[in-house]
Structure formats: C-alpha cells, structure tokens
Trainee: 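Just passing along the structure, written as structure tokens.
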Amino acid sequence: MTESSDNSLAPRQRSALSVTLSVWHAIFLREALDRLFDMRAAWLWLIAEPVVHIGFIALIWRSLRIQTIGGADLAVWTMIGMLGFFLYRRTALQVSYAVESNLPLFAYRQVKPFDTALMRALLEAFLMAVISAVLLLGAALLGHDTLAVDDPLLVLLSAAALWLFALGYGLVASVLMALVPESEHILKLLMMPLYLLSGVILPMSAVPEPYRGWLMYNPVANGLELIRLGYMENYHAVAETSLDYLLMWALSSLFLGLVLYRRFERKLVMQ
C-alpha cells in the first residue's frame, strides 16, 4: 500500500516533445509581449510603419500620373510588394538578434538558441499576416481590388519561401555577429540597399538589360515578383522570375544556418 502511494505521488516524466512545445509556447508569449508592449504604442507602430512607406511610394507614383505598373493597379502593386518586403526584413532582423536578446534564458538547459530564433520568426509571420489582412481590407474599403487573389497557392508558397530565406539569413547573421562582432556593421549595410534593389519601389520591368538580369540574382526580388504575380492576374512579371531559384536560396540558407547553430551553439550562449 505504501509503495503504491509513493508511485502515485512520484512526478511524471515529461517527453522531450512535451518539454520543447512548452518552451516554444513560453518563448512565443514572451516575445509577443515584448514586441507589442515594450514601449508606448509599439503595436501601433507595427502597422503605421508599412502604411507610411506604402503611402509615400504611392504618392510619388501618383504625382507622376502613373496609374498602373506592369498591368497592375498602382496601389495594389505597391502594397503587395511592400508587405512582402517587410515580411522578409522584419523576420531577418528579429532572428539576427534573437540569441543576443534572450541570453538570460539559456541558463535553463531546456532552452536552446534555435528555440528563440524560430519563435521570433513565427511571431513575425503571425504579425505580418494580421497586418497584411488589416491593410488589404482597409484598401478594399477604399475601393481597391485587394480581396480577389488570382493564385492563392502561389502567393502562400512564395511568401513562405521568402520567410524561410529570412529565417536562414537571420540564423547565419546571428552566428557571424557572435564570431566576428564587426560583421554587424557590414550586414546592416547589405540590408539597406535591398529596399531599392528588390523591386519594392521601382518595377523590375523598368530596369534595362543587362542590369535587370543582375538584379534578379537577388532572391528577395524573385519573391516579391512571385507574390505580385500570384496576387494580380494582370501583372506582367519579368521573365527572369523563378520560384525554384527562390526555394533553392531559402532551403540552402536555412540548412547553412542550422549547421552553424549546431556547430557554434556554445559560442552563441556564451557571447
């Protein structure tokens, strides 16, 4: 009787999957609270930033009396491209600093560096999905055709590939910054021209050859072209656009990031 009672009071041993899911849940909530409430009206800025960018670019094109780009409505073209770019940039930056921002958590042996990176990436995907839905619905109320998607599967696949590439880039960047702190400045410089070189502001179709071919080596440019192509049936994407190329970059960067995280895990938590 005593032995049976002792066994019933013994703590249950949790599986590795259960522990991992609990860790992910806790980190996700922690990151969400920090992202939305770390400063006054932080949640509002998450929406206001893309709105300001979209409005400014659309205003410039409107002042030039341009109504369509590549056969697509100017406002929709600008909005879709900007939202895709923000998905990439925000995810890449948040993952790059995931380990550095969560160093105290690694005192718990259940928490691994990749856990924080993955949860930050998932949080950004969730936030951008909500923000995109709000902005597209708002644009529809203003009279723009933003609710009819020509190829939803292509849009989702392209956005997912762009998100995976951002995750892989962030993993690689965080390891580089841990090993060589000076590389942070170089990575910031590389991120800045992407706004201009990815077709966010200037359509790729307006860039003459051979420069357009060179710019299309940029996987982000391919991602934005693919999202626009899937979203708007009348959009004329440039011939160099390739989903296979984007997926190759996404999977390769993710694989490299995972290998580096595995190899330099101790270095990451001890920085």
Side-chain angles (χ1 to χ4, degrees), residues 17 19-39 41-50 83-134 156 159-179 181 183-184 187-188 190-191 194 219-220 223 249-271:
L17 177 60
V19 172
T20 299
L21 292 177
S22 296
V23 168
W24 286 357
H25 180 257
I27 294 175
F28 187 89
L29 292 179
R30 180 180 186 273
E31 290 291 341
L33 291 173
D34 185 61
R35 193 86 169 89
L36 296 172
F37 304 108
D38 65 331
M39 60 182 181
W43 60 271
L44 180 61
W45 176 243
L46 291 176
I47 300 178
E49 186 183 12
L83 290 173
F85 181 76
F86 268 83
L87 171 66
Y88 169 77
R89 192 184 72 173
R90 285 182 171 179
T91 302
L93 290 177
Q94 287 297 315
V95 174
S96 298
Y97 293 97
V99 175
E100 179 181 328
S101 302
N102 290 282
L103 285 177
L105 294 182
F106 302 131
Y108 303 96
R109 60 183 179 84
Q110 297 91 342
V111 182
K112 305 298 182 183
F114 180 70
D115 296 332
T116 60
L118 179 61
M119 288 304 101
R120 277 201 167 195
L122 288 175
L123 176 62
E124 287 308 311
F126 173 76
L127 291 176
M128 284 307 304
V130 174
I131 291 170
S132 297
V134 170
L156 291 174
L162 199 60
W163 176 80
L164 283 175
F165 177 57
L167 173 59
Y169 171 89
L171 294 175
V172 174
S174 61
V175 174
L176 289 178
M177 290 190 295
L179 298 176
S183 63
E184 179 180 2
L187 293 173
K188 285 183 177 179
L190 291 176
M191 185 66 72
L194 278 181
V220 180
W249 269 95
L251 296 177
S252 298
S253 62
L254 182 60
F255 176 76
L256 177 60
L258 290 173
V259 170
L260 291 175
Y261 255 56
R262 179 68 175 177
R263 171 64 178 81
F264 298 103
E265 180 178 324
R266 182 175 296 275
K267 176 68 175 179
L268 288 170
V269 301
M270 297 298 292
Q271 61 179 303

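When reading the values below, keep in mind they use all heavy atoms of this one structure, side chains included, and skip hydrogens, waters and symmetry mates.
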Trainee: If we only count heavy atoms from C-beta on, is the Lys112 to Arg262 side-chain gap below 4.5 Å?
Mentor: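 With C-beta onward as the side chain, the pair stays apart.
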
Trainee: What distance do Leu36 atom CG and Leu44 atom CG have between them, rounded to the nearest 0.5 Å?
Mentor: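 If we round to the nearest 0.5 Å, Leu36:CG and Leu44:CG are 11.5 Å apart.
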
Trainee: Name all residues meeting the ring-ring contact (aromatic ring centres under 6.0 Å, His included) criterion together with Tyr88; count only those two or more places apart in sequence or in a different chain, and write none if there are none.
Mentor: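 Result, ring-ring contact (aromatic ring centres under 6.0 Å, His included) vs Tyr88: Phe165.
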
Trainee: Between Leu162 and Thr91, is a side-chain contact (heavy atoms from CB on, under 4.5 Å) present by the stated rule, with each step listed?
Mentor: CA-CA 10 Å; Leu162 199 60; Thr91 302; over 6 Å; no

Trainee: Testing the basics here: between Ala173 and Leu187, what is the closest heavy-atom pair and its distance to 0.1 Å?
Mentor: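 Nearest heavy atoms, Ala173 then Leu187: CB-CD1, 3.6 Å.
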
Trainee: If a pair satisfies ring pair (Phe, Tyr, Trp, His ring centres under 6.0 Å) and one of its residues is in residues 95-126, list it, with sequence neighbours excluded.
Mentor: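 As it turns out, there is no ring pair (Phe, Tyr, Trp, His ring centres under 6.0 Å) pair with a partner in residues 95-126 once direct neighbours are skipped.
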
Trainee: Under 3.5 Å, is there a donor-acceptor pair between the side chain of Thr116 and the main chain of Pro113?
Mentor: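 Checked: pair present.
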
Trainee: Of Leu118, Leu122, Leu123, Val111, which is the lone residue that meets side-chain contact (heavy atoms from CB on, under 4.5 Å) with Ile27?
Mentor: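 The side-chain contact (heavy atoms from CB on, under 4.5 Å) with Ile27 is passed solely by Val111 among Leu118, Leu122, Leu123, Val111.
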
Trainee: Which pair of non-hydrogen atoms, one from Ala159 and one from Leu87, has the smallest distance, and what is that distance?
Mentor: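 Smallest interatomic distance, heavy atoms only, reads O-CD2, 3.6 Å.
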
Trainee: Yes or no on side-chain contact (heavy atoms from CB on, under 4.5 Å) for Val175 and Val99, after CA distance, side-chain angles and deciding distance?
Mentor: CA-CA 9 Å; Val175 174; Val99 175; over 6 Å; no

Trainee: Using every non-hydrogen atom in the two residues, find where Leu83 and Met128 come nearest and quote the distance to one decimal.
Mentor: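 Looking at all heavy atoms of both residues, the closest pair is O-CE, 3.6 Å.
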
Trainee: Heavy atoms only: give me the nearest Val95-Tyr261 pair and the separation to one decimal.
Mentor: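 Closest approach of Val95 to Tyr261: O-OH, 4.5 Å.
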
Trainee: Residues two or more places apart in sequence or in another chain: which of them pass ring-ring contact (aromatic ring centres under 6.0 Å, His included) with Phe86?
Mentor: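 Partners of Phe86 by the ring-ring contact (aromatic ring centres under 6.0 Å, His included) criterion, ordered by chain and then number, come out as His53.
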
Trainee: Any pair with a residue in residues 114-130 that passes salt bridge (Lys or Arg N to Asp or Glu O under 4.0 Å), sequence neighbours left out, goes on the list, sorted by first then second residue, please.
Mentor: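 Passing the test, one end in residues 114-130: Glu31-Arg120, Arg35-Glu124.
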
Trainee: Less than 4.5 Å apart, any side-chain heavy atom of Leu256 and any of Leu171?
Mentor: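 Result no, sub-4.5 Å side-chain heavy-atom pair not found.
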
Trainee: How close do Ser96 and Ser174 get, heavy atom to heavy atom, and via which atoms?
Mentor: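 That would be O-CB, 3.2 Å.
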
Trainee: How would you list, by chain and number, every residue that makes a side-chain hydrogen bond (donor to acceptor under 3.5 Å, both in side chains) with Trp163, sequence neighbours excluded?
Mentor: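 side-chain hydrogen bond (donor to acceptor under 3.5 Å, both in side chains) check on Trp163 returns nothing, list empty.
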
Trainee: May I ask you to decide if Leu176's main-chain N or O and Ser183's side chain share a donor-acceptor pair within less than 3.5 Å?
Mentor: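 Present.
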
Trainee: To the nearest 0.5 Å, what is the distance between OG1 (Thr20) and NE2 (His25)?
Mentor: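 Taking OG1 in Thr20 and NE2 in His25, the distance rounds to 14.5 Å.
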
Trainee: Can you sort out the partners of Leu33 under side chain to side chain contact (heavy atoms under 4.5 Å, CB included), two or more places apart, ordered by chain and number?
Mentor: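 Expected list: Phe37.
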
Trainee: Taking Ser132 for the side chain and Ala129 for the main chain, is one N or O donor matched with an acceptor at less than 3.5 Å?
Mentor: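 Looks like no, no N/O pair under 3.5 Å.
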
Trainee: Quick check for you: to the nearest 0.5 Å, what is the distance between Arg30 atom CZ and Leu105 atom CG?
Mentor: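 It comes to 4.5 Å.
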
Trainee: Taking the side chain from Ser252 and the backbone from Trp249, do they hold a donor-acceptor pair closer than 3.5 Å?
Mentor: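 Pair absent, no side-chain N/O of Ser252 close to backbone of Trp249.
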
Trainee: Write down the atom of Ser253, the atom of Ala250, and the distance for their closest heavy-atom approach.
Mentor: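 Closest approach of Ser253 to Ala250: OG-O, 3.0 Å.
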
